[in-house]
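So you know, we letter chains A, B, ... as the sequences are listed, proteins then strands, and number each from 1.
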There are 2 protein chains.
Amino acid sequence: MAEPSGTARDPEAVSRFVEHFAAQLVEAGLQRMPARVFAALLASDKGVLTSAELGEQLKISPAAVSGAVRYLAQVRMVSREREPGSRRERYRVHGDQWYEALTNREAILKRWEDALREGVTSLGADTPAGRRLEETLAFFEFVDQEVAAMMERWRAHREQRFGRG
Amino acid sequence: MAEPSGTARDPEAVSRFVEHFAAQLVEAGLQRMPARVFAALLASDKGVLTSAELGEQLKISPAAVSGAVRYLAQVRMVSREREPGSRRERYRVHGDQWYEALTNREAILKRWEDALREGVTSLGADTPAGRRLEETLAFFEFVDQEVAAMMERWRAHREQRFGRG
DNA sequence: CGCTCCTTTCAGAAATTTGTGAAGTTAAGG
DNA sequence: CCTTAACTTCACAAATTTCTGAAAGGAGCG
């Protein structure tokens with residue numbers, strides 16, 4: 001069955017999950033190294049790993065870790081911490097923070113909306129194409145609102161089911 | 001101001017929008033040709049274009065059109081129609097259908113969920129990592145439901161604001 | 001039936017992306 | 001200060017992706 005908690009974990013099982021889940025993320029558009037690094041963090045016991053641990057576990061160079069982590073931090077999927085009294089850096093996946101990041105497709109949506117607004121203006125709001133773009137724009141604006149509300153509901157749901165993390 | 005409807009449209013304005021919007025789609029992970037083709041359809045007056053029109057407008061080969069369209073049809077962002085009494089094919093962006101497609105990240109979400117479930121099992125539901133994966137899984141399941149409900153609300157909202165398309 | 005117009009497939013050239021090794025940078029600790 | 005541990009940056013080689021031209025396929029029309 002499953003390992004009793006507190007026991008060393010089966011590195012092979014971990015690796016299998018990491019690679020499998022990372023593959024799904026890649027398919028969804030994430031770059032490979034960020035995907036693998038993120039999956040490794042998700043599957044770690046503390047949700048925290050150092051550069052060295054990541055490099056060793058994933059068999060990648062420090063340079064690759066650096067690049068992946070920079071990207072992940074930029075899109076808020078992990079946070080970086082300086083381990084006090086050491087030059088080591090640690091990377092953490094906060095339970096919630098990364099859901100927020102997922103919905104931080106907001107930033108992307110905003111740019112879509114801008115492009116659409118520009119299109120409505122330059123093609124003419126009174127043209128068929130303009131009207132189509134306007135409706136598309138309305139959809140995204142609707143989604144914006146709804147996603148915000150949805151995340152509220154999630155937080156409530158989560159607290160009820162898992163307690164305050 | 002804008003062109004009166006019924007007048008030939010400014011091809012340059014159209015192109016500017018198409019390339020700009022396509023660039024956003026690319027940034028969000030779509031391949032370039034599908035993105036450009038889709039944007040061109042969105043910006044067309046009837047929401048329908050033939051292969052030849054697409055090729056000419058976007059300055060790409062028939063092969064490129066073929067590939068892009070195949071992809072877009074597969075993910076339900078456009079539908080293909082045979083123009084009756086002709087070998088020409090026409091590609092259409094249905095107002096609603098493509099929102100559905102967007103949420104058809106469902107297919108993707110399902111696979112994420114599968115990978116996570118597998119992870120919970122193989123790492124052990126009683127381990128810290130297992131619990132983290134479980135919570136992530138719960139989030140996606142929650143999102144599934146919510147998105148379905150959201151689309152319902154959108155349809156109502158849309159009907160009210162734009163009338164039945 | 002065969003011709004013709006359109007679309008699709010395929011192999012390959014070109015461009016882009018990816019990951020590495022090695023040099024460079026910063027800061028802790030003696 | 002000097003050493004050393006760690007992370008970052010950079011240039012390049014390798015792998016992958018992308019798009020094209022050319023040939024093949026198939027449906028309408030005579």
Nearest whole angstrom, please: distance from the P of D/dG25 to the CD of B/Glu89.
19 Å
Short side-chain N/O contact from A/Gln31 to OP1 or OP2 of C/dT18, under 4.0 Å:
yes
How close or far is atom P of C/dT17 from atom OH of A/Tyr71, stated in whole angstroms?
14 Å
Please report, rounded to the nearest Å, how far the P atom of C/dT17 is from the CD1 atom of A/Ile60.
20 Å
Quick note, A/Met33 side chain, CB onward, closest among C/dT8, C/dG19, C/dA22 is C/dG19
B/Arg90 side-chain N/O to C/dC6 phosphate OP1/OP2 under 4.0 Å:
no
Selection from D/dA6, D/dT18, D/dA22 that lies nearest to any side-chain heavy atom of A/Arg88
D/dA6
Nearest to the side chain of A/Ala64, which nucleotide is it out of C/dT20, C/dT8, D/dT20?
C/dT20
Report the residue (A/Ser86 or A/Gly67) whose heavy-atom-nearest nucleotide on DNA chain D is the more 5′ of the two.
A/Ser86
Figure out the CZ/P separation between B/Arg80 and C/dT7, and round it to whole Å.
10 Å
Which one, C/dT8, D/dT9, C/dG19, comes nearest to the side chain of B/Ser66?
C/dT8
Both A/Arg82 and A/Pro34 contact DNA chain C. Which one's nearest nucleotide lies toward the 5' end?
A/Pro34
Can you tell me if A/Arg32 uses its side chain to pair, donor with acceptor, with the backbone of A/Ala22 under 3.5 Å?
no
Send over the distance from A/Glu83 CD to C/dA27 P, rounded to a whole Å.
17 Å
Would you kindly give the CG-to-P distance between B/Leu58 and D/dT18, to the nearest whole Å?
17 Å
In whole angstrom, give the distance that lies between atom CG of B/Leu54 and atom P of C/dC6.
15 Å
Nearest whole angstrom, please: distance from the P of C/dT20 to the NZ of A/Lys59.
12 Å
Nearest to the side chain of B/Arg87 - C/dC5, D/dC10, D/dG21?
C/dC5
Taking for each residue the nucleotide of DNA chain D with the nearest heavy atom, is it A/Ser51 or A/Arg32 whose nucleotide lies nearer the 5' end?
A/Ser51
